[in-house]
*Asks:* 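Here it is: the structure, laid out below.
For ligands, and for the atoms within them, numbers begin at 1 and follow the listed sequence.
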Amino acid sequence: MIEVNSLVKIYSSKAKEVIGVNDVSLQIKEGEIYGIIGYSGAGKSSLIRCLNLLEKPTSGEVKIDGVDLTTLNEKALRKARQKIGMIFQHFYLASAKTVYENIAFALKAAGKTPKEIDVRVKELLELVGLSDKSSQYPAQLSGGQKQRVGIARALANNPKVLLCDEATSALDPSTTKSILNLLKTINRKLGLTIVLITHEMEVVKEICHRLAVMQDGKIIEEGLVYDIFANPIQPLTKDFIASVLQFELPQQLIENRKGTIIKIQFKGAIAEESVVSDLFQQFNVKGNILHGKIEYIQDVPLGIFIMELTGEDKEVERAIAYIEERTQNLEVVEHVA
Ligand SMILES: Nc1ncnc2c1ncn2[C@@H]1O[C@H](COP(=O)(O)OP(=O)(O)OP(=O)(O)O)[C@@H](O)[C@H]1O
């Protein structure tokens with residue numbers, strides 16, 4: 001439903017040219033939550049702002065439902081933009097308007113009647129859990145409540161796409177969670193396609209189905225979030241994953257071990273099987289768990305264990321071969337002879 005082809009955004013001034021987006025192509029499916037992660041300056045904002053032409057691309061196509069927005073005139077673009085809602089890190093609410101008026105404004109601009117506006121605003125307030133804040137002003141709201149107003153306003157005209165520009169970056173972790181839950185709910189309830197940019201892997205893990213990693217204006221890795229967590233390829237992607245799944249052992253700990261240290265990843269259904277206890281029943285080896293973690297990524301488990309195996313060399317070898325066969329994912333970190 002969203003198709004970006006060879007998108008380039010160059011910022012030109014008299015002094016120099018800066019490349020914001022450097023030849024990006026991607027496809028986002030209807031109903032998908034698509035994350036774009038990268039460090040500051042990677043080009044995430046430039047890219048997401050090109051999706052509704054808030055930034056005019058220098059070249060390339062931005063197709064929504066097959067229509068290339070870059071070819072539309074002002075009037076047609078205004079109409080097309082009604083299908084695309086957007087929320088921002090700093091909310092951008094009108095401070096002199098109440099919560100009700102902030103949301104109503106988007107509907108008025110789309111030519112709705114006062115009756116239609118009233119029905120829709122109440123519906124939206126209910127959806128975002130703010131029915132009791134209708135007559136409050138933004139200054140009287142918490143950050144999370146302000147973002148809820150932002151979401152209600154963005155959804156006012158029943159868009160098919162919601163663009164989220166670092167929408168939780170100004171919020172504390174528990175408020176972030178509640179806003180992400182709200183986004184998940186509206187994604188499911190309304191079938192809304194969500195594109196979000198973030199610099200936090202925790203946000204991606206929590207909500208995204210697919211992910212693109214951006215660096216220097218380019219997408220350097222893309223795929224299903226689970227696959228990227230299980231098998232990151234690029235060094236930058238590995239850095240982002242490590243911020244959530246830190247599992248490097250201190251060197252000192254490794255040096256003081258006597259057995260063979262192995263790292264096992266359990267992906268998907270195998271994480272729920274009793275591989276480790278089966279191992280100790282079947283082989284005459286001892287195991288000492290040095291690190292263990294199961295993360296749930298979109299409710300699918302991804303387990304990572306680091307274990308020291310001790311026993312007769314042959315038996316340890318057989319035990320390792322057994323785990324390798326069961327998990328297809330084992331790495332010998334250190335073998336102490
Ligand atoms: N309006 C602008 N004029 C000139 N250069 C710009 C403009 N906006 C962005 N850039 C440049 O484009 C590059 C990408 O910036 P962009 O804001 O898209 O990155 P980002 O990944 O969103 O970073 P951040 O998370 O810090 O916003 C940077 O080098 C930035 O300095």
Side-chain angles (χ1 to χ4, degrees), residues 2-26 28 33-62 64 69-70 77 81 84-93 143 146-147 150-151 154 161-173 175-176 179-180 183 193-208 210-223 225 228 232-244:
I2 301 177
E3 192 183 327
V4 170
N5 293 316
S6 310
L7 185 75
V8 174
K9 173 68 193 176
I10 297 172
Y11 299 99
S12 304
S13 67
K14 268 187 204 147
K16 57 176 179 175
E17 286 194 336
V18 178
I19 300 183
V21 180
N22 190 357
D23 193 16
V24 162
S25 297
L26 51 87
I28 300 172
I33 306 184
Y34 191 92
I36 300 166
I37 197 167
Y39 287 132
S40 186
K44 309 179 296 292
S45 293
S46 302
L47 173 57
I48 203 168
R49 291 162 71 87
C50 281
L51 296 186
N52 59 358
L53 259 61
L54 221 57
E55 287 292 355
K56 194 171 166 7
T58 307
S59 61
E61 292 178 333
V62 178
I64 311 264
L69 300 189
T70 64
L77 181 59
R81 276 200 184 120
I84 313 168
M86 189 161 188
I87 57 174
F88 305 88
Q89 178 175 3
H90 299 299
F91 324 120
Y92 298 132
L93 303 179
K146 283 181 200 164
Q147 194 56 289
I151 292 171
V161 178
L162 179 66
L163 305 177
C164 309
D165 188 350
E166 296 277 4
T168 56
S169 297
L171 306 175
D172 63 53
T175 313
T176 292
I179 292 296
L180 294 180
L183 291 176
T193 306
I194 297 181
V195 184
L196 67 87
I197 62 168
T198 181
H199 58 274
E200 293 172 296
M201 206 58 177
E202 200 55 60
V203 168
V204 170
K205 187 190 116 212
E206 197 63 39
I207 186 173
C208 297
R210 273 198 310 142
L211 171 67
V213 182
M214 252 190 122
Q215 187 175 34
D216 297 333
K218 286 188 174 292
I219 289 180
I220 57 163
E221 191 161 353
E222 201 210 16
V225 169
I228 289 188
I233 293 166
Q234 299 295 334
L236 176 66
T237 316
K238 289 180 182 170
D239 268 10
F240 277 119
I241 304 291
S243 70
V244 178

*Asks:* Looking at CD1 of Ile28 and CZ of Arg210, how far apart are the two atoms once the value is rounded to the nearest 0.5 Å?
*Replies:*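 Answer rounded to 0.5 Å: 7.5 Å.
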*Asks:* Any idea which residues sit under 4.0 Å from ligand 1, heavy-atom distances?
*Replies:*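 Lining ligand 1 at under 4.0 Å, by heavy atoms, one finds Tyr11, Val18, Gly20, Tyr39, Ser40, Gly41, Ala42, Gly43, Lys44, Ser45, Ser46.
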*Asks:* Would you name the heavy atoms of Pro57 and Thr70 that are closest together and state the gap between them?
*Replies:*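 So the minimum-distance heavy-atom pair works out to CG-CG2, 3.9 Å.
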*Asks:* How many angstroms lie between CD1 in Ile37 and NZ in Lys44, if you round to the nearest 0.5 Å?
*Replies:*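 So the gap between those two atoms works out to 8.0 Å.
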*Asks:* Is the closest side-chain heavy-atom distance between Met86 and Leu51 below 4.5 Å?
*Replies:*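 The answer is no; the side chains never approach within 4.5 Å.
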*Asks:* Can you confirm whether Ile194 sits close enough to Cys164 that some side-chain heavy atom of one is under 4.5 Å from a side-chain heavy atom of the other?
*Replies:*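 Ile194 vs Cys164: side chains touch.
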*Asks:* In this structure, which one of Leu211, Ile241, Val244 forms a side chain to side chain contact (heavy atoms under 4.5 Å, CB included) with Lys205?
*Replies:*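 Result for side chain to side chain contact (heavy atoms under 4.5 Å, CB included) with Lys205: Val244.
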